[in-house]
Amino acid sequence: MALRTILKKDTDEESLRKKSRPVTVFDKRLHTMIDDMIDTLKDSGGVGLAAPQVGTLRRIVVIEKEDGTILELVNPEIIATAGEQEGLEGCLSLPGVWGVVKRPMTVTVKAMDRNGNVYTDTESELIGRCFVHECEHLDGILFVDRASKILTEEELQQMEEEGEPEPGSEEEEA
């Protein structure tokens with residue numbers, strides 16, 4: 001297992017904007033990729049990571065839940081959403097950039113595990129938000145494309161002073 005380099009919008013925008021291809025082979029190479037993504041995610045302090053963010057145009061996402069459980073989603077597809085939430089969102093590929101984004105409150109995703117077994121998972125709040133955020137990465141969409149507002153450093157400081165979650169905290173960065 002190894003740490004992968006996370007691509008950044010300012011230098012790798014073209015790569016981050018490409019659409020990922022489905023995974024069709026479930027082998028040791030895929031397992032290594034997923035393991036590397038998990039290591040990279042844990043090292044980064046983020047909540048979610050999509051394969052395009054580490055330079056691989058395949059439909060693979062890893063997400064770390066609040067309890068430390070890792071979700072591995074291969075060829076994920078959002079099949080249902082409910083409710084609405086609006087909040088701060090950041091991205092490992094856009095360090096220091098935060099925006100206000102409206103997302104569904106609850107999201108059901110259909111995916112495969114690393115062995116090709118199909119499953120569904122329904123999550124709410126932060127992890128539901130992360131499902132959408134990371135699945136959009138697979139289509140070359142960044143959260144800034146969805147943000148109603150990009151925040152300045154002064155606005156972030158004001159939010160912190162008013163008791164909003166601190167940007168960059170594990171609860172906020174996808």
Side-chain angles (χ1 to χ4, degrees), residues 1-23 25-78 87-99 101 103-104 107-116 119 121 123-147 165-174:
M1 292 174 265
L3 295 179
R4 304 272 178 131
T5 300
I6 297 174
L7 302 182
K8 307 290 188 237
K9 182 179 185 280
D10 59 349
T11 56
D12 303 300
E13 173 128 12
E14 185 177 327
S15 296
L16 291 169
R17 294 296 188 172
K18 292 182 179 176
K19 188 170 179 148
S20 298
R21 297 179 305 277
V23 172
V25 179
F26 295 80
D27 59 4
K28 184 177 179 179
R29 187 172 174 195
L30 173 65
H31 295 196
T32 299
M33 177 68 191
I34 292 170
D35 291 340
D36 288 354
M37 287 178 63
I38 292 168
D39 288 346
T40 303
L41 176 63
K42 287 184 175 192
D43 183 67
S44 73
V47 177
L49 185 67
Q53 291 180 273
V54 292
T56 300
L57 291 175
R58 290 286 185 252
R59 300 187 78 77
I60 307 166
V61 167
V62 295
I63 295 172
E64 184 171 8
K65 294 174 65 170
E66 292 91 343
D67 66 3
T69 302
I70 299 291
L71 301 174
E72 301 173 358
L73 300 98
V74 179
N75 298 329
E77 175 186 348
I78 294 171
L88 274 182
E89 208 162 295
C91 180
L92 296 171
S93 291
L94 288 90
V97 178
W98 296 91
V101 183
R103 300 281 192 195
V107 179
T108 301
V109 67
K110 176 181 170 185
M112 297 174 169
D113 66 16
R114 65 175 57 212
N115 298 310
Y119 71 96
D121 189 7
E123 301 287 344
S124 296
E125 299 179 12
L126 176 64
I127 303 304
R129 172 181 293 278
C130 198
F131 277 169
V132 177
H133 178 111
E134 299 305 336
C135 285
E136 286 185 344
H137 266 300
L138 302 178
D139 292 323
I141 299 167
L142 303 176
F143 87 92
V144 291
D145 301 331
R146 304 282 192 229
E166 181 180 328
S169 67
E170 191 169 282
E171 291 79 34
E172 290 296 324
E173 189 164 339

### Task
State which residues pass side chain to side chain contact (heavy atoms under 4.5 Å, CB included) with Arg146; sequence neighbours excluded, sorted by chain then number.
Val101, Arg103, Glu136, Ile141
### Message
Could you walk me through whether His137 and Leu49 satisfy the side-chain contact (heavy atoms from CB on, under 4.5 Å) test, starting with their C-alpha distance in whole Å, then the side-chain angles of each, then the deciding distance to 0.1 Å, before giving a yes or no?
### Response
CA-CA 9 Å; His137 266 300; Leu49 185 67; over 6 Å; no
### Query
Is a donor on one side and an acceptor on the other found under 3.5 Å between the side chain of Asn75 and the backbone of Pro22?
no
### Message
Any heavy-atom pair between the side chains of Glu72 and Leu30 that's under 4.5 Å?
### Response
no
#### Entry: For the student: nearest non-hydrogen atoms of Ala2 and Asp39, plus distance
N-OD2, 3.9 Å
### Task
For Arg59, enumerate each residue passing the side chain to side chain donor-acceptor pair (under 3.5 Å) test, keeping only those at least two apart in sequence or located in another chain.
Asp139
#### Entry: Ile38 backbone acceptor or donor facing Asp35 side chain under 3.5 Å
no
### Task
Step by step, work out the side-chain contact (heavy atoms from CB on, under 4.5 Å) result for Cys130 and Glu123.
CA-CA 9 Å; Cys130 198; Glu123 301 287 344; over 6 Å; no
### Query
Does the side-chain contact (heavy atoms from CB on, under 4.5 Å) test come out yes or no for Met112 and Glu77, once each step is laid out?
CA-CA 10 Å; Met112 297 174 169; Glu77 175 186 348; over 6 Å; no
### Non-hydrogen side-chain atoms of Leu71 and Val61 separated by less than 4.5 Å
no
### Query
Among Thr56, Val62, Val74, Val23, which residue meets the side-chain contact (heavy atoms from CB on, under 4.5 Å) test with Met33?
Thr56
### Message
Determine whether a donor-acceptor pair (N or O, by modelled atom type, separation under 3.5 Å) exists between the side chain of Ser15 and the backbone of Gly55.
### Response
no
### Task
Measure across Gly99 and Ala147 and return the closest heavy-atom pair with its distance rounded to 0.1 Å.
CA-CB, 4.3 Å
### Message
Looking at every non-hydrogen atom in both residues, tell me the closest pair between Gly87 and Arg129 and how far apart they are.
### Response
N-NH2, 3.1 Å
## Note on the structure
Between Val132 and Pro104 the two heavy atoms that sit nearest each other are CG2-CD, 4.0 Å
### Message
Under the criterion side-chain contact (heavy atoms from CB on, under 4.5 Å), I'd like the reasoning laid out for Leu94 against Leu142: C-alpha separation, chi angles, the key distance, then a yes or no.
### Response
CA-CA 9 Å; Leu94 288 90; Leu142 303 176; 4.3 Å; yes
### Message
Keeping Gln53 on the side-chain end and Ile6 on the backbone end, is there a donor-acceptor pair under 3.5 Å?
### Response
no
### Message
Please give me the minimum heavy-atom distance between Leu73 and Tyr119, naming the atom from each residue.
### Response
CG-OH, 3.6 Å
### Task
Can you measure from OG1 (Thr40) to CZ (Arg4) and round to the nearest 0.5 angstrom?
7.0 Å
### Closest non-hydrogen atom pair between Gly48 and Leu92, with its separation
O-CD1, 3.7 Å
### Query
What's the spacing between Arg114 CZ and Thr32 OG1 if we round to 0.5 Å?
8.5 Å
### Task
Could I get the full list of side chain to side chain contact (heavy atoms under 4.5 Å, CB included) partners for Asp10, not counting sequence neighbours?
Lys8
